[in-house]
**Q** 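The structure that follows is given in the form of structure tokens.
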Amino acid sequence: MSAAENTNAALQRAVASFDPAAADFSRLSTPLWDRVGQATVQVSKPEPGEWVLDACCGDGASAIPAARLVGPTGHVDAVDLSAPLVTTVTTAAAELPQLTAYRADVLEWPGAPERQEAPGAVRSYDVVQCVLGIFFFADMPAGTERLIGFLRPGGRAALTIWRRGAMAAVGDRLAAAVALVRGEPAPGPREPYLIERISTAAEYSRWLSERGLRDPRVVVHELTVALTPESAWLLVTGSGFRGLLHGLDDAQIDAVRTEYLALLEHDDVTEVDATTLIGSGLR
Ligand SMILES: C[S@@+](CC[C@H](N)C(=O)[O-])C[C@H]1O[C@@H](n2cnc3c(N)ncnc32)[C@H](O)[C@@H]1O
């Protein structure tokens, strides 16, 4: 399968949008990121003394709880592309010396020096976790396999994605509002991207098995987030959806906001499904 079939241009722009989104991203921690991060750590279950790699760590929603669980004899390496988010993690973890945050592309990252058995050799983490990150990889299967490759034999992975349809209530209306403001036709039907094809519990489990995870399991973490005009717009400016605003000027962004909120109000949308699939397994 080619990388082009795995991803889409909007997701690639979204990755670049996490730097400007950082302040608003952190305002979504309590209603969204922290809850999904905690749920993932309940699946990955880091134990005292273990080494954990938290890939695509954002502002630490799963890395910080993992650092508390591994305690002072363990260690968490948290990696994210976004410098402002990595700074937030480092500040938040001031009392957790067992957590080190790195600003890097996790797919290029060589691993913490302490985990390098030889230059360029794969490290041996006890746990690899990645919450709402793998679908940003241009080649999602290869990127996921690389994350799994950081595990020691017998180590545990917990990789969290949105369940099919999650966030669609805001994503669809935002896409319609953006098209309107850009003067483009409303988005029509298209072939589903890879992430959309695998985002049921059964499909995701099978896909993880194909990536080399043994005994794959998928936990469904149900969540809804209440929408007010403020929180609905925060979900755009503080997440990967911000990538859809790429190239628009301030007046156009204001127009998108107005159209998007009007569509939500017209359709009486008062909450959004934020349910995730937490896929886990052993190397
Ligand atoms: C939706 S956020 C999730 C953050 C965090 N895991 C959480 O659940 O709160 C996705 C994060 O993945 C990061 N990211 C995407 N691709 C990455 C890559 N190749 N290497 C490191 N970080 C990446 C982005 O910068 C962003 O912070």
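In each ligand, atom 1 is the first atom listed, and ligand 1 is the first ligand listed.
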**Q** Scan side-chain atoms only and decide if Ser82 and Asp80 contain a donor-acceptor pair under the 3.5 Å cut-off.
**A**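 Per modelled atom types, Ser82 and Asp80 side chains form no pair under 3.5 Å.
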**Q** For atom 20 (N) of ligand 1, find the nearest protein heavy atom and state the residue, atom name and distance (0.1 Å precision).
**A** Val106 N, 2.9 Å
**Q** Run the numbers on Phe136 and Phe18 for ring-ring contact (aromatic ring centres under 6.0 Å, His included), then give the verdict.
**A** CA-CA 11 Å; Phe136 291 109; Phe18 277 103; 5.4 Å; yes
**Q** What atoms of ligand 1 come closer than 4.0 angstrom to any heavy atom of Gly58?
**A** 4 (C), 5 (C), 27 (O)
**Q** If you take the nearest heavy atom of each of Ala55, Ala104, Gly37, which one is closest to atom 21 (C) of ligand 1?
**A** Ala104
**Q** Could you check whether any heavy atom of Leu132 sits closer than 4.0 Å to an atom of ligand 1, since that is the contact criterion I want to use?
**A**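 Under 4.0 Å: yes for Leu132.
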**Q** If I take atom OG from residue Ser199 and atom CH2 from residue Trp162, how far apart are they, to the nearest 0.5 angstrom?
**A**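 Going from the OG atom of Ser199 to the CH2 atom of Trp162 covers 12.0 Å.
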**Q** When you check the side-chain N and O atoms of Thr40 and Gln129, is any donor under 3.5 Å from an acceptor?
**A** no
**Q** Out of curiosity, is Cys57 lining ligand 1, as in a heavy atom under 4.0 Å away?
**A**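 Flag set, Cys57 near ligand 1.
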**Q** Examine the proximity of ligand 1 to Trp109 and report which part, side chain or backbone, both or neither, has a heavy atom under 4.0 Å away.
**A**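 It is neither; nothing of Trp109 touches ligand 1.
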**Q** Counting neighbours of CD on Glu184 that are heavy atoms of other residues, nucleotides or ligands and sit closer than 6.0 Å, is the number greater than 12?
**A** yes
**Q** For ligand 1 and Asp59, I'd like to know whether there is a polar contact (N/O to N/O, distance under 3.5 Å).
**A** no
**Q** Tell me, which protein residue and heavy-atom name are nearest atom 15 (C) of ligand 1, and how many Å apart are they?
**A**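 The answer is Phe136 CB, 3.8 Å.
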**Q** Assess, by modelled atom type and distance only, whether the side chains of Thr237 and Asp24 contain a donor and an acceptor separated by less than 3.5 Å.
**A** yes
**Q** Which residue owns the protein heavy atom closest to atom 9 (O) of ligand 1, what's the atom, and how far is it?
**A**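 Closest protein heavy atom to atom 9 (O) of ligand 1: Trp33 CB, 3.3 Å.
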**Q** With backbone taken as N, CA, C and O and side chain as the heavy atoms from C-beta onward, which portion of Cys56 lies under 4.0 Å from ligand 1: side chain, backbone, both, or neither?
**A**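 Both backbone and side chain.
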**Q** Below 4.0 Å from any atom of ligand 1, is there a heavy atom belonging to Cys130?
**A**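 False for this residue.
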**Q** Ignoring hydrogens and geometry beyond distance, is a side-chain donor-acceptor pair present between Ser231 and Thr228 at under 3.5 Å?
**A**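 Their side chains do contain a donor-acceptor pair, which is all the 3.5 Å distance test asks for.
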**Q** In terms of side-chain heavy atoms, does Ser26 have a donor or acceptor partner in Asp59 at a distance below 3.5 Å?
**A**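 Present: a donor and an acceptor within the cut-off.
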**Q** At a non-hydrogen distance cut-off of under 4.0 Å, which region of Leu85 contacts ligand 1 (side chain, backbone, both, or neither)?
**A**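 It is the side chain that gets close, since no backbone atom is under 4.0 Å.
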**Q** Hey, looking at atom 3 (C) of ligand 1, which of Leu107, Val36, Val86, Val131 has the closest heavy atom?
**A** Val131
**Q** Using a 4.0 Å heavy-atom threshold (strictly under), name the region of Ser29 that reaches ligand 1: side chain, backbone, both or neither.
**A**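 Under 4.0 Å from ligand 1, Ser29 contributes no heavy atoms.
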**Q** Answer with yes or no whether the side chains of Thr100 and His75 bring together a donor and an acceptor at under 3.5 Å.
**A**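 On atom types as modelled, these side chains qualify, holding a pair under 3.5 Å.
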**Q** From the options Asp80, Leu147, Leu81, select the one whose nearest heavy atom is closest to atom 25 (O) of ligand 1.
**A**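 Heavy atom nearest to atom 25 (O) of ligand 1 belongs to Asp80.
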